[in-house]
Trainee: 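Quick one: the structure is below, and I'll ask about it shortly.
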Amino acid sequence: MRRKLIVANWKMHGNLASNKQLLAAYIEKLSQLKNIDVVVCVPYPYLAQAQSMLQNTGIAWGAQNLSKDAVGAFTGEVSASMLKDFGATHVIIGHSERATAYCESDENIATKFIQAQQHGLTPILCVGETLIEREAGVMQMVVGKQLDTIINRYGAAVFANAVVAYEPIWAIGTGLAASSEQAQSMHKFIRGKVAAQDITTSTSLKILYGGSVKPKNAVQLFAMQDIDGGLIGKCSLNAQEFELICRAAA
Ligand code: 13P
C-alpha cells in the first residue's frame, strides 16, 4: 500500500506576512493527519521561513525548480545544495509553466532530475500533454517520451527515489480537472512504463495527479488505484480547501 502524498505548489504567490498565516493554518489543520505525507513547495526566498515554521511539525517543504548545475557562474540560478541548506526534501522538476515560459527541454529536465537526486532531494517530475495532443489522441506518446528521456539516460531504477506528477496542461489552473478515469488511465500507463523496466520500482512509485484538484473532486481522484495523491496549485493557497484535499487523501 503506497502512502498518499499531497504536495502544495504555491507557484509565485505569497509574502512573509501571508505565508506566516498560511503555514500556521497548515500546521494547525494538518499536523494531526498521520497517514499521509504533506510537502509545501514555496518560492526560493521563503525556504528559510518554511524551514523555521515547519521543522518538527511533520510537514515537509521544498522548492519549485533548481539549477541543472551543481555550482558555478550561473547568474540567478539556485543549486540543489542550496536547497538542502534550508532543509528542503523535495523539488518540482519540469513544471509545464516553466517548460513553456522558460523553454526547458526534456534533456534539461532530466539533468535537473539527477542533480536533485545526487544531492538527496526527491524530484517531483511533472509530465503531461496539451489539449491539442489529447484531442489528437497522442497523450500517451507525449508522456511516454517525457519519461523516456530519463529512463533511456539513467534507467528506470532512478524512479525509486522520485515522485511523478501527471499534470495535463489543459487542466492546470483552468478549473477543468481530468476525470478520475482519464487520470487513472494515464497513471496506469506511467506505472506500466516503469514496470516494463523495473517491477519493484514501479510498485512503490508515487504518481500524483495535478490540475484543478479541488475538495469537490479530490475524493474521487484519490480513490483510483494508481493515483497516490495530488500536486495542488490554487487550492493550496487556501488553508480550508487544502485541508479538505488532504483529508480526502487521508
Ligand atoms: P492548479 O491546482 O491551480 O490547477 O495547479 C496545478 C499545478 O500546476 C500544480 O503544480
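Start at 1 and go down the list; that is how both ligands and their atoms are numbered.
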Trainee: For ligand 1, what are the residues with a heavy-atom contact below 4.0 Å?
Mentor: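 Answer by chain and number: Asn9, Lys11, His95, Glu167, Ala171, Ile172, Gly173, Gly211, Ser212, Leu231, Gly233, Lys234.
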
Trainee: If you apply the rule salt bridge (charged side-chain N to carboxylate O under 4.0 Å, His left out), what do you find for Asp106 with Lys145, and how did you get there?
Mentor: CA-CA 9 Å; Asp106 286 353; Lys145 180 175 166 285; 3.3 Å; yes

Trainee: Given 3.5 Å as the limit, does a donor-acceptor pair link the side chain of Thr57 with the main chain of Met53, or not?
Mentor: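 It does not hold such a pair.
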
Trainee: Under the criterion salt bridge (charged side-chain N to carboxylate O under 4.0 Å, His left out), I'd like the reasoning laid out for Lys214 against Glu241: C-alpha separation, chi angles, the key distance, then a yes or no.
Mentor: CA-CA 7 Å; Lys214 296 172 237 165; Glu241 289 184 329; over 6 Å; no

Trainee: Does any donor atom in the side chain of Gln117 or Asn161 lie under 3.5 Å from an acceptor atom in the other side chain?
Mentor: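 No pair is found: no donor N or O on one side chain lies under 3.5 Å from an acceptor on the other.
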
Trainee: Indicate yes or no: does Asp198 engage Lys193 in a salt bridge with an N to O separation below 4.0 Å.
Mentor: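 A salt bridge is absent here (no side-chain N lies under 4.0 Å from a carboxylate O).
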
Trainee: Between His95 and Glu167, is there a side-chain donor-acceptor contact under 3.5 Å, judged purely by atom types and distance?
Mentor: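 Checked: Glu167/His95 side chains pair up, N/O donor to acceptor below 3.5 Å.
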
